[in-house]
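Just so you know, these numbers use all the heavy atoms, side chains as well, and skip hydrogens, waters and symmetry mates. Since we're looking at a predicted model, the values are computed, not measured.
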Amino acid sequence: DPQKILTLNLRLLQTGGIWWRDMKGNPVKVTLFRCYQKTVLLIYICFNITSYLYAILADESFAEFSECLMVCIAQFLHGTKLIPFLFHREKMTKITINLEKNFYVHGNNLNDEEKSIIKNAMYLAKTTTFIYFGTVCTATFIMILTPPTLALTSRQVNSTIQIGYNLLIWKAWFPVDPTVYPYNILTYLFQVSSTLSEGCFIIGSFNAFYYVLIIYTISQFHLLSSSLRNAKKNVRDQIKDSTDNKGTSAAVVRRTAEDTKIQHTVSERRSEDDALYLTKEEGLKVSSYMTECIKYHQHILE
């Protein structure tokens, strides 16, 4: 169902606490989600702050500092992608709803070509979501299981050998010593939760969501192209359906000699798509049909 094309991506965003499109219904449910969303964002913000502070306060060589700097730049770029969800929720909601409705160019009756376009778009979108989200989640778990950085100074090595050392996932500043029990466990759990939150649901879910929006928007123009390319045939089908519904009254079956001659010519040539063989009525309907198609898709561009 084209009305459910974004279900998978919206569920990922909602599971990650980033965005819930329909903030209506049970007040308790809405309140709980808002608390959950604030918790996720707080963890994400704290994760960024600790990375920034480490880059500013750590006394490291240029090579070591560049590693922290790259992490900070990446965090900043990911943070900018959150802006539409946090500050333009109404616009995002409108875009997604219009995108779903816009698959029905001329009502709920879709021809075979339009169905094929929509199915291909939905398959590509789901495949992209699974591959991208799965890849990001896999990379996140690998970073957690095999931390790429060691947040220990040479002065601390001897003491940590005796009490056990903690490998932090990212170099980060903490107001406590992350190598001393129980702070080593707390800091590690904090980094695990923040890395999962960001890697899987902030980076994975909203990047996949943006990719899917691009895929479905492009498919809108495939539908528009199909509608314009088959305008004459679609209009004739509509006229035929309208004629069948109204019955064979005298007003419906009455045609001029010129129209009859044109229809015979079209039948003989077997070229219903030839623009030279349109009746005056069909020509006006085709023009109206094409105008409707373009207007219907115009707000996607806007």
Side-chain angles (χ1 to χ4, degrees), residues 11-19 32-82 85-86 130 132-208:
R11 283 179 179 174
L12 288 177
L13 291 172
Q14 182 176 344
T15 302
I18 302 303
W19 186 48
L32 289 176
F33 177 79
R34 289 189 182 277
C35 294
Y36 173 59
Q37 183 183 47
K38 286 178 171 39
T39 301
V40 172
L41 293 176
L42 179 62
I43 292 175
Y44 173 73
I45 292 172
C46 292
F47 179 72
N48 280 269
I49 291 176
T50 56
S51 299
Y52 297 149
L53 288 175
Y54 186 88
I56 295 172
L57 301 176
D59 183 14
E60 295 184 324
S61 65
F62 178 77
E64 293 172 327
F65 176 75
S66 64
E67 178 185 341
C68 298
L69 184 62
M70 293 303 295
V71 172
C72 293
I73 293 175
Q75 300 303 319
F76 176 77
L77 293 176
H78 295 320
T80 58
K81 295 179 183 179
L82 281 171
F85 295 105
L86 300 180
F130 283 127
Y132 184 83
F133 186 77
T135 301
V136 173
C137 288
T138 301
T140 301
F141 280 108
I142 290 175
M143 280 194 300
I144 292 174
L145 296 176
T146 57
T149 59
L150 177 62
L152 295 175
T153 64
S154 58
R155 181 176 56 83
Q156 296 171 321
V157 171
N158 293 331
S159 62
T160 55
I161 289 177
Q162 299 176 359
I163 62 175
Y165 62 85
N166 175 38
L167 289 175
L168 295 180
I169 300 170
W170 297 110
K171 289 182 178 180
W173 175 88
F174 292 99
V176 296
D177 186 352
T179 64
V180 178
Y181 180 85
Y183 301 125
N184 57 345
I185 297 178
L186 295 176
T187 54
Y188 182 73
L189 290 177
F190 167 75
Q191 285 209 328
V192 167
S193 61
S194 59
T195 303
L196 284 175
S197 173
E198 179 183 14
C200 295
F201 295 106
I202 294 181
I203 298 176
S205 63
F206 67 49
N207 277 349

Answer yes or no: is there a side-chain heavy-atom contact under 4.5 Å between [X] and [Y]?
X	Y	result
Phe141	Leu196	yes
Phe47	Ser193	no
Tyr183	Phe174	no
Phe33	Lys38	no
Ile203	Tyr132	yes
Trp19	Gln14	no

For the residue pair [X] and [Y], what are the closest heavy atoms and their distance?
X	Y	result
Tyr54	Trp173	CB-N, 3.5 Å
Ile18	Gln37	O-NE2, 2.7 Å
Ser197	Val40	OG-CG1, 3.2 Å
Tyr188	Ile144	OH-O, 3.3 Å
Val136	Gly199	CG1-O, 2.6 Å
Cys200	Cys137	SG-SG, 3.4 Å

Item to check | Check: Gly79 main-chain N/O paired with Tyr44 side-chain donor or acceptor under 3.5 Å | outcome: yes

How many angstroms lie between atom [atom1] of [X] and atom [atom2] of [Y], to the nearest 0.5 angstrom?
X	Y	atom1	atom2	value
Phe206	Ile202	CZ	CD1	6.5 Å
Ile49	Gln75	CD1	CD	12.0 Å
Ile45	Thr50	CD1	OG1	12.0 Å
Ser51	Gln191	OG	CD	7.5 Å

